[in-house]
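Please read the structure below before turning to the comments.
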Amino acid sequence: MSDTEIKGPGYRVLYDANSATVHFEGSLRLGTAEYEPIAALLNSVLEQRPQAITLRMTDLVFLNSSGINTLYKFAIAIRKLGGLAVHVQASSTISWQSKSLPNLRKFLPTITLTMN
Amino acid sequence: MAEADDEHEDAGAPEAQVTQVAEDPWQRLWDDPDAAAAELQADPQALATFVRAMAELSREHAELTMLHEATLEHANEIEDLLAVKIDEVEALVVNLELRNGFIREVFGRYITDDVVNTLLASPAGLQLGGEKRKITILISDVRGFSSLCERLSPEQVVTILNIYLGAMAEVIERYRGSINEFIGDAILAVFGAPIAGEDHPERAVACALAMQLAMGAVNDTLREQGLPGLEMGIGVHTGEVVVGNIGSQKRAKYGVVGSHVNLTSRIESYTVGGQVLISQSSASEIGDRLRTRRSFQVLPKGAREALTIYDVVGICNVGGEDLALPDRAASKRTLAAGVPVRFTVLEGKDASGEPLPGTLLSLDDRGDAEIAAAYVPDLLANVKLSLDGLDEEHAYAKVQSGSPDHGIFSVRLAAVPPALAAALSALPWRTGA
C-alpha cells in the first residue's frame, strides 16, 4: 500500500505503510462532517489487516471535540475487529493529550500509550 | 414483533420498506409497552430475539454514553486551556499598552499610528542603534518669528504656535512624514524613516506645498483671534543620514543625524515667506513632475561646492494628486520720489555691520521692495533695513535679485514692525501705478 495523506490548512494526517504508523500533525479543528475523509483513511488502514499500528500524535498540537470523537470511534472499531495491537505516541508537553488520550483505553483496553 | 423478525431475515428487501418495517415495532413499544410485553410473552421465539436486540442496544448505548462523556471531557479540557489563554492575552494587552505608551514617548507625540504599528511589528523596533539610510528631510520655519515674539505676550506666542504647529502636523501626517522635532517655530520632519518608502522625495515636496497651502486657513484662524498672520519658508533635501534611536536606555529618541540635516537647514534659510526650496538631489528623484519658478546656485557655509536649488511651485501626480501654489499677482506701488533708507548686510563676506545708504523705489503687497544703492549685496543675503529718521525700527529682508551694473536690487521684507509698516504706508506713493 502506498502512503496515504490528507492535508489541509495547518494540518496533515499521513499513513506510512512501511512503519504502519498514522502521523497526526498540526492543528485539527474541522467540523464533524469534515472528519469523514480522515475516518475513511483510518478505516482503510484497518482494511489492510495489519498486526499492529502506531498512532503518532506528538506533533498534533490541537484537536477539537469532533476530532477526538473520530479518534475514539476508531478505537471502538479496532476493538470490534479484534486482534490488532495499537500503540499511541503522545507528547506530555501538549496538555490536552495527557488528559484525553488515556481515555482511548475506555474504548480499547489493550491500547498502549507512551508520553514523551 | 413478528415483523421485526421478518426484517432480520429478509436482508434483500428494498431499503424504504426496511425502514418502514423497522420503525413500527419500536413505535408500538413506546406507545403501549404493556400490550407489546403481552404479545412477546405469547411468542417465546420473538421474546428471545427481542432480548438479544435489547442486549446489543444497551451495549451500544453504554458505549455511546462513554463516547459522549469522553468527548465532553476533552471539550472541557480544551475550554480550560482557552480560559488560561484568554487570561494570558489580557495580561499581554495590558503589557502591550504599557509598551505602546513607552514607544509613543520615545518616538514623539506626532508620530502616526501607522508608523508605531509598523515599528511594533518588528522586535528590533526598540533597540538603540542606527543605520545609514537615504531619506528626505523637510525643515520649515516661520519668517521673523523671533522679532514677532518680542512684541507679543507669552500666552499669545503659545496660542500662535499651537494653532500653527497643530495644522502643520496634520499635513505632515497626511503625507506619512514623521515629525522629528519642533524647535520653537521650526519643524524638522523626515520622509523615508522610520518606515522606508521609495517615494519619500515626492511625498516630502508634496507635503511642503500642502503646508504652504494650509497657511491660508492658519492665518484666517489667527486673525479671527486678533493675532498676526505668519509666513513660512520650507527647505527640502534628500540625502543619506544616520537614523535610529539615539540616546541612553532611559532617554532615547528616534532621530536623524548627519551633514544633510544641516544642509536642509541651510536651504531653508534661503527661503522667503511662502516659498518651498528644494535641493538638486530631491529634484532629480522627482524628475519632470516638478514645477519650478526658477533655480539658482548657492554656496552654503561649510560646503565644498555650490548647490543648485529649485524654487518649487507645484508637483504632479503624487498619489494621484497635483499640487500647485497659487500664482499671486502682486500689486506694486512706486514711490513718487525715492525715499532714503539704510541697510546692513548681516552675513557673508560683506557683513561689515556698517549701515549702507540706499533709496527705496517701490514696494508690493507681498513685501518685495526695490532699492537703488551704490553697493548691491549678494543674492540671498540677509539685510536689516530701516527708514532714515526712523533708525530704531528695522525690518529684516532677503535679497531676491540684484544687478550691480544698474545699482538696483530687490529684497523680500519679513517681520516689519508695526511702526515701520505705518511709516511705509504713509510715504508719498505715486497714485494709479
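Lettering of chains follows the sequences in order, A, B, ..., and the numbering in each one begins at 1.
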Item to check | side-chain contact (heavy atoms from CB on, under 4.5 Å) between A:N69 and B:L67, intermediate numbers included | outcome: CA-CA 7 Å; A:N69 202 269; B:L67 185 63; 3.8 Å; yes
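Using a 4.0 Å cut-off between a side-chain N of Lys or Arg and a carboxylate O of Asp or Glu, A:K73 and B:E63 do not qualify as a salt bridge.
Listed for the B:H74 side chain is no donor-acceptor partner under 3.5 Å among the backbone atoms of A:Q97.
Across all non-hydrogen atoms, the minimal contact from A:K106 to B:M66 is O-CE, 3.0 Å. Taking both residues in full, the closest heavy atoms of A:S65 and B:T71 are given as O-CG2, 3.6 Å, listed atom of the first, atom of the second, then distance.
With values rounded to the nearest 0.5 angstrom, B:I78 atom CD1 is found 6.5 Å from A:S100 atom OG. To the nearest 0.5 Å, atoms CH2 (A:W96) and CG (B:D80) are separated by 15.0 Å.
The environment of B:E198 atom CD is sparse: at most 12 non-hydrogen atoms of other residues, nucleotides or ligands sit within 6.0 angstrom.
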